[in-house]
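Reading through the structure tokens given below for one structure.
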Amino acid sequence: MEIMRLVVTGPVGAGKSTFIRSVSEIEVVDTDRRATDDALLIKKRTTVAFDFGRLQFGPDMALHLYGTPGQSRFDFMWDILIQKAHAYILLVAAHRPHEFREARRIMTFMKQRSPAPMIIGLTHTDCSGAWDAANIALALGYPDPARRPPIVAVNANETASVAQAVISLVQFTWAGSLAPAT
Amino acid sequence: MAISTEKLTNILQSFVTSTTDIQGAAVVTPDGLPLAACLPGGMDEERVSAMSAAMLSLGDRIGSELARGGIDRIFVEGDKGYGILTSCGEDAVFLVLADKAAKQGLLMLEIKRTLADLKAVLM
Ligand SMILES: Nc1nc2c(ncn2[C@@H]2O[C@H](COP(=O)(O)OP(=O)(O)OP(=O)(O)O)[C@@H](O)[C@H]2O)c(=O)[nH]1
Ligand SMILES: [Mg+2]
């Protein structure tokens with residue numbers, strides 16, 4: 001059985017833990033603790049180490065899903081988790097533009113440490129004030145639509161939507177491993 | 001928050017200065033924020049707090065999933081010294097950094113005593 005390790009990262013409240021809970025076939029290992037800082041403005045609990053879930057993908061492959069904490073004081077966990085990732089998805093809440101800068105910072109952190117393929121997942125696109133993909137891409141530093149990572153919309157609460165995002169990530173990874181490295 | 005940072009800091013300071021072979025101590029929230037700290041120079045309070053919380057949360061998971069029960073303590077033994085995490089009620093985690101020369105029995109006793117003092121303030 002081949003194992004592919006996928007990392008789910010992004011700012012606080014983007015939906016990383018929810019994403020993994022939505023598709024995991026095992027009971028998720030979560031390390032959420034009661035929030036006592038600004039995370040409280042968004043929700044009651046926040047991840048302090050990582051989330052772990054598993055998903056069978058076809059007969060010969062198992063996906064191991066690792067969710068990072070969102071808060072930068074846990075960046076040592078970002079480092080630990082990205083080291084072994086085969087691919088990762090950066091989740092960004094489309095309706096919280098003030099967090100795009102933090103999303104970009106996380107992306108830079110990951111890119112400095114790992115060459116693994118990345119796609120961007122936009123959550124909360126159903127919420128009022130959500131930006132569209134083109135503008136978010138711009139805010140994340142991708143002005144040229146022809147030269148940017150795949151961007152998918154995903155509702156972390158919906159299993160089918162999350163499954164679709166996971167498939168996109170796996171396919172993008174396969175496509176990259178067939179093509180010569182650029 | 002109603003917690004008295006000053007009182008906590010005083011307890012930590014006297015713990016660190018009065019016990020031989022103790023190099024630092026901190027009290028942090030379970031989500032990794034410092035409540036009070038008395039750490040060796042060069043160690044970042046925020047980072048130490050976040051690491052303590054991450055470690056204790058994983059210890060808790062090991063306790064429950066591998067049927068070890070509630071976790072009282074996590075002990076990290078390096079060739080230069082010890083890092084000991086003790087849960088300090090619902091709302092705090094107590095971290096102690098000790099020198100390799102520390103006597104373990106004595107260390108545990110001191111930690112237990114200080115824990116009681118800290119809990120009294122945190123109540
Ligand atoms: N309406 C809506 N809500 C969403 C969507 N995606 C996620 N959420 C909600 O957003 C919240 C995300 O919470 P978590 O999954 O804990 O976020 P996280 O990214 O793990 O946060 P940290 O661990 O604190 O960094 C949950 O309440 C989800 O129900 C979406 O697409 N639409
Ligand atoms: Mg989380």
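By convention in this document, chain letters (A, B, ...) are assigned in the order of the sequence lines, proteins followed by strands, and residues within each chain are numbered from 1. FYI, side chains are in, hydrogens and waters are out, and symmetry mates aren't considered; it's all heavy atoms of this structure.
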Using a 6.0 Å cut-off, check whether atom [atom1] of [X] has over 12 heavy atoms from anything other than its own residue.
X	atom1	answer
R101(A)	CZ	no
K100(B)	NZ	yes
M4(A)	CE	yes
E65(B)	CD	yes

Exercise. With a 4.5 angstrom heavy-atom cut-off, which part of D44(B) approaches chain A: side chain, backbone, both or neither?
Worked result: neither
Exercise. Of the backbone (N, CA, C, O) and the side chain (C-beta and beyond), which part of M55(B) lies under 4.5 Å from a heavy atom of chain A, both, or neither?
Worked result: neither
For this session: Sort by residue number and list every member of residues 42-57 of chain A having a non-hydrogen atom under 4.5 Å from chain B.
Result: T46(A), V48(A), A49(A), F50(A)
For this session: Can you check whether anything in residues 91-99 of chain A gets within less than 4.5 Å of chain B, heavy-atom wise, and list it by number?
Result: none
For this session: Examine R104(A) relative to F100(A) and say whether NZ or CZ is less than 6.0 Å from the centre of the six-membered ring and inside a 45° cone about the ring axis.
Result: no
For this session: Output yes when a side-chain donor or acceptor of S57(B) lies under 3.5 Å from a complementary backbone atom of A54(B), and no otherwise.
Result: yes
Problem set entry | M110(A) backbone acceptor or donor facing S114(A) side chain under 3.5 Å | no
Problem set entry | Which atom of V28(B) lies closest to which atom of S49(B), heavy atoms considered | CG1-OG, 3.4 Å
Problem set entry | Check ion pair R21(A)-D32(A) (N to O, under 4.0 angstrom) | yes
Problem set entry | Qualifying residue for side chain to side chain contact (heavy atoms under 4.5 Å, CB included) with V93(B), from T86(B), L56(B), I74(B) | L56(B)
